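The residues of the chain are indexed from 1 along the displayed sequence. Bear in mind the structure is a predicted one, so any value in this text is a computation, not a measurement.
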Amino acid sequence: MNTELRQEQERLNSVMETITEQISKIEDETSQRRKEVINIRKHFWDDVKVNVDTFDDYLETIIGLRQQAQALSVSQSTHRHAFNRLSVLHRMQEVPYFGRIDFIEKGTSEVESIYIGVSTLTDPTGENFLIYDWRAPISSVYYDYPPGPAEYVTPEGVVHGLLDQKWQYIIRGGVIKSMFDTSLTIGDEILQQVLGEGTDKHMHSIVATIQREQNRIIRHDRGRLLIVQGAAGSGKTSAALQRIAYLLYKYRDRLKADQIILFSPNSMFNSYVSNVLPELGEENMQQATFQEYLNHRLSNAFQVEGPYEQLEYVLTASDDPSYRTRTASIRFKASTRFFETIKTYRQSLELSGMLFKGIKFRGKPVVSAKQIAERFYSGDTSLRFHNRIEKLIEWLNERIDEIEKLELTKSWVQEEIELLSKDEYQRAYIYLQKKRGFTEDSLDDYEREIKVLGRMIVRKKLKPLRKWIRTLRFVDFTGIYKQLFADPARIKLWIAGKTPEEWEDICLLTMKMLGEGKLSYEDATPFLLLKELIQGFQTNVSIKHVLVDEAQDYSPFQFEFLKRLFPSAKMTVLGDFNQAIFAHASEMVDFYTLTGLYGPDETDAINLTRSYRSTRPITEFTRGLIPGGERIAAFERDGEKPVLTQLSDRAELHRCIASKVADLRKQQYNTIAIICKSAAESIAAYEALSNVDKIKLVKSGSIEYEQGVVVIPAYLAKGIEFDAVIIYDASAQVYGDESQRRLFYTACTRAMHHLQIYSVGEPSPFLLNVTPESLLLSLT
């Protein structure tokens with residue numbers, strides 16, 4: 001073994017020399033390209049002759065500009081590629097490769113050693129591969145097979161062969177610390193070492209520890225929709241991010257990072273995962289929350305409620321007289337039934353029901369709402385709905401043209417001309433030169449000058465009105481949406497089946513909110529869908545792949561909307577139904593109801609049942625909190641059992657938490673989360689624990705994932721992991737309702753190494769289901 005290790009170290013030394021040589025070469029190239037870019041920018045106009053006297057001169061100028069712009073673009077692109085490659089090589093200096101397979105291709109007797117790392121590396125000739133990219137077709141053998149018969153897929157077909165041996169390496173600073181000959185998918189030695197390390201403020205790539213089931217997610221390439229249901233800590237998010245890196249590698253000639261969008265649960269999560277793709281040498285994809293999209297589209301017209309505001313209400317307002325009505329409204333408006341209702345309602349507007357706003361100019365009516373409606377419904381009803389809208393816009397613009405002619409004779413126009421300053425006159429002349437081709441000489445005639453200036457002033461005043469018409473501001477979208485609820489009985493015209501028992505109260509509540517200029521979260525997507533169906537969907541065809549994390553937070557309605565928003569995209573959705581904490585979750589039996597989005601032939605589902613985040617004792621405890629938890633497999637990593645401590649009052653609770661935090665800090669835990677049920681409880685806990693040094697409160701608007709000691713609501717902690725978790729109060733009073741079981745499970749599954757549960761008074765009934773052996777009881 002010592003001889004083999006020595007030989008491997010000698011090879012590694014040679015590889016490190018090659019990396020160093022390539023770094024030196026590319027640094028010189030990068031420096032040269034940077035100088036080229038700066039030089040082109042500095043002298044861009046020096047090399048372009050600007051002449052527009054004749055058409056030929058103008059054409060020559062345009063060609064010269066294009067050539068200069070192209071030269072700049074090529075230099076910038078070359079510099080960017082060189083810079084990115086340099087970043088990858090610097091990372092490879094730390095860990096050049098992490099695995100090796102000895103593969104014998106069928107039909108040959110030669111054993112080929114394939115070394116696998118984060119990127120490809122060839123020798124100076126460029127002909128021999130020293131390291132294969134983990135995304136290369138042959139690298140899949142490393143993740144998918146034990147020694148024995150194996151195969152991998154290439155663009156030319158399937159390659160069969162024999163996997164003779166598989167090795168794993170731990171390399172630090174150019175030295176092989178250890179190497180393992182393993183028959184496991186990925187040896188537990190390395191995985192245990194990685195999982196045993198403390199967390200920091202970013203998620204990292206998992207290419208050295210990808211498991212076979214995760215590799216299926218990463219390399220999946222069939223159909224329109226991939227559904228990943230994964231237990232808490234199963235690595236579904238990590239695998240999905242490696243999947244994006246794989247797709248960018250495989251389709252690098254036609255897929256770019258800015259054509260991929262990740263919908264994540266919150267801005268803090270965006271910060272947490274922002275490091276993964278750059279670690280793999282890829283640019284970050286677009287990242288957004290669904291709420292950010294809703295705010296972008298609706299916040300000018302409404303005060304739009306966010307998902308966490310809605311959830312906070314559900315968790316804390318059970319005494320509100322409208323609570324039952326609101327929760328029933330949330331569930332119904334999240335359903336595909338309501339989606340179909342909105343579609344049917346929009347179709348009915350072709351015959352009647354469209355509402356409009358009258359148009360005024362200088363305080364006087366131009367056309368009334370009634371006249372617009374009469375025009376819309378008196379036109380050719382055989383035309384498509386959107387064409388009828390376009391015809392209406394044309395008609396309204398004709399009315400504005402008529403107003404323009406009439407206004408030219410009004411006295412206010414002359415007054416506006418007389419009030420023009422010298423500078424405004426000059427700007428008017430410049431404007432007219434551009435628009436009309438006039439010269440100052442041609443404007444000498446006073447009457448003509450007044451006429452031209454008057455037309456300019458009137459058109460300028462009418463410009464906002466024309467924009468108002470072009471953007472369909474004359475359509476009363478709010479009024480049209482209100483009609484769904486104005487008469488509770490009318491919904492029978494558009495819905496198939498029965499309405500909720502609380503429908504009349506839902507209508508009253510919705511009308512009240514809309515009347516106050518507020519849009520509940522459950523109304524935001526339905527309202528936007530109706531608006532899009534009326535004005536024409538503002539689709540995004542540039543996006544080729546949509547990634548939806550924490551998919552259990554999305555309603556079936558919202559998935560239907562996303563499908564239509566990104567008609568050219570494939571979709572990967574990831575989630576854990578056991579963490580479905582929103583009120584609409586009861587509407588979804590499981591994620592497989594999503595097969596209706598694109599149909600079963602275009603949909604695949606992968607289920608991850610092994611949890612890697614937590615130690616075995618923590619996983620054994622948390623799987624007892626949920627029905628079907630026995631199907632979750634714990635990874636063999638030892639640790640302490642979770643501890644439950646029952647206390648008599650809050651003062652004692654806060655003393656114990658402060659003491660526990662001090663103890664955990666001594667154990668060198670980087671991230672310690674005090675997890676509360678709600679934001680309201682988090683604020684109270686934070687204020688009571690203000691004596692704890694450097695403690696931080698995480699709110700729904702927090703941008704960056706914080707290290708250290710944080711107080712955080714359970715719903716904001718989703719998708720994030722902590723070295724140690726303290727459950728603030730797991731009493732029956734706080735977690736007593738069955739609807740909160742998943743929230744409690746979510747909170748507990750954030751812990752990697754240590755889980756401490758406190759209860760002020762009688763503990764939650766959820767703890768009765770866990771096996772006594774999986775939980776330590778502590779007396780204070």
Side-chain angles (χ1 to χ4, degrees), residues 15 84-85 88 91-92 95-123 125-169 182-186 205-223 226 228 235 238-257 260 276-277 279-282 544-545 570 572 604 606:
V15 168
N84 290 342
R85 179 60 182 168
V88 171
R91 281 191 291 274
M92 292 178 74
V95 183
Y97 48 86
F98 51 80
R100 180 188 113 204
I101 55 172
D102 294 341
F103 189 73
I104 306 169
E105 188 173 331
K106 187 176 182 180
T108 69
S109 58
E110 182 183 353
V111 178
E112 185 179 5
S113 292
I114 307 294
Y115 289 81
I116 299 167
V118 294
S119 185
T120 299
L121 183 74
T122 59
D123 66 6
T125 69
E127 296 179 358
N128 300 308
F129 284 87
L130 302 177
I131 303 172
Y132 284 79
D133 192 296
W134 65 277
R135 297 165 289 189
I138 195 170
S139 301
S140 65
V141 173
Y142 175 74
Y143 298 111
D144 286 344
Y145 293 97
E151 62 183 44
Y152 62 95
V153 179
T154 72
E156 289 76 32
V158 179
V159 176
H160 300 273
L162 182 71
L163 175 56
D164 185 46
Q165 283 185 307
K166 182 159 65 174
W167 294 85
Q168 295 174 295
Y169 301 87
T182 176
S183 60
L184 300 174
T185 307
I186 295 296
S205 70
I206 60 166
V207 292
T209 57
I210 293 168
Q211 304 296 289
R212 182 171 186 174
E213 65 272 21
Q214 293 169 333
N215 198 42
R216 285 180 60 209
I217 297 168
I218 292 167
R219 296 174 188 263
H220 183 277
D221 205 14
R222 300 184 304 275
L226 174 62
V228 180
S238 294
L241 293 171
Q242 322 297 304
R243 168 170 169 72
I244 295 303
Y246 171 76
L247 293 173
L248 288 170
Y249 171 85
K250 183 175 181 180
Y251 299 108
R252 53 191 176 276
D253 57 333
R254 59 182 187 271
L255 182 65
K256 306 300 178 189
I260 303 170
V276 176
L277 287 175
E279 268 191 9
L280 298 170
E282 302 290 353
K544 303 303 180 187
H545 204 104
K570 293 185 176 183
T572 301
D604 276 335
I606 296 174

Test side-chain contact (heavy atoms from CB on, under 4.5 Å) on Val95 and Val118 and set out the steps.
-> CA-CA 9 Å; Val95 183; Val118 294; over 6 Å; no
Please report the interatomic distance [atom1]([X]) to [atom2]([Y]), rounded to the nearest 0.5 Å.
X: Ser109; Y: Leu162; atom1: OG; atom2: CG; value: 12.0 Å
X: Leu247; Y: Glu282; atom1: CG; atom2: CD; value: 10.0 Å
X: Tyr246; Y: Trp134; atom1: OH; atom2: CH2; value: 9.0 Å
X: Tyr97; Y: Leu121; atom1: OH; atom2: CG; value: 10.5 Å
X: Ile101; Y: Leu163; atom1: CD1; atom2: CG; value: 6.0 Å
X: Ile114; Y: Ile131; atom1: CD1; atom2: CD1; value: 12.0 Å

Using a distance-only test with no angle check, is there a side-chain donor-acceptor pair under 3.5 angstrom linking Arg85 and Ser119?
-> yes
Distance only, no hydrogens: is a donor on one side chain within 3.5 Å (strictly under) of an acceptor on the other, for Ser140 and Arg219?
-> no
Would you indicate whether the side-chain heavy atoms of Ile244 and Val276 approach each other to under 4.5 Å?
-> no
Tell me, with the steps shown, if Lys570 and Asp221 meet side-chain contact (heavy atoms from CB on, under 4.5 Å).
-> CA-CA 10 Å; Lys570 293 185 176 183; Asp221 205 14; 4.1 Å; yes
Is the cationic atom of Arg100 (NZ for Lys, CZ for Arg) positioned less than 6.0 Å from the six-membered ring centroid of Tyr142 and within 45 degrees of its normal?
-> no
Hey, mind stepping through Tyr115 and Leu130 against side-chain contact (heavy atoms from CB on, under 4.5 Å) and telling me if it holds?
-> CA-CA 7 Å; Tyr115 289 81; Leu130 302 177; over 6 Å; no
Among all residues two or more places apart in sequence or in another chain, which pass the salt bridge (charged side-chain N to carboxylate O under 4.0 Å, His left out) test with Glu213?
-> none
CA sep, side-chain torsions, deciding dist, call: Ile217, Gln242, side-chain contact (heavy atoms from CB on, under 4.5 Å) = CA-CA 9 Å; Ile217 297 168; Gln242 322 297 304; over 6 Å; no
Distance-minimising heavy-atom pair for [X] and [Y]:
X: Arg243; Y: His220; value: NH1-O, 2.5 Å
X: Ile218; Y: Ala239; value: CG1-O, 3.4 Å
X: Tyr132; Y: Ser139; value: CB-OG, 4.1 Å
X: Gly161; Y: Phe103; value: CA-CZ, 3.6 Å

Main-chain N/O of Leu226 paired to Thr572 side chain as donor or acceptor, under 3.5 Å | no
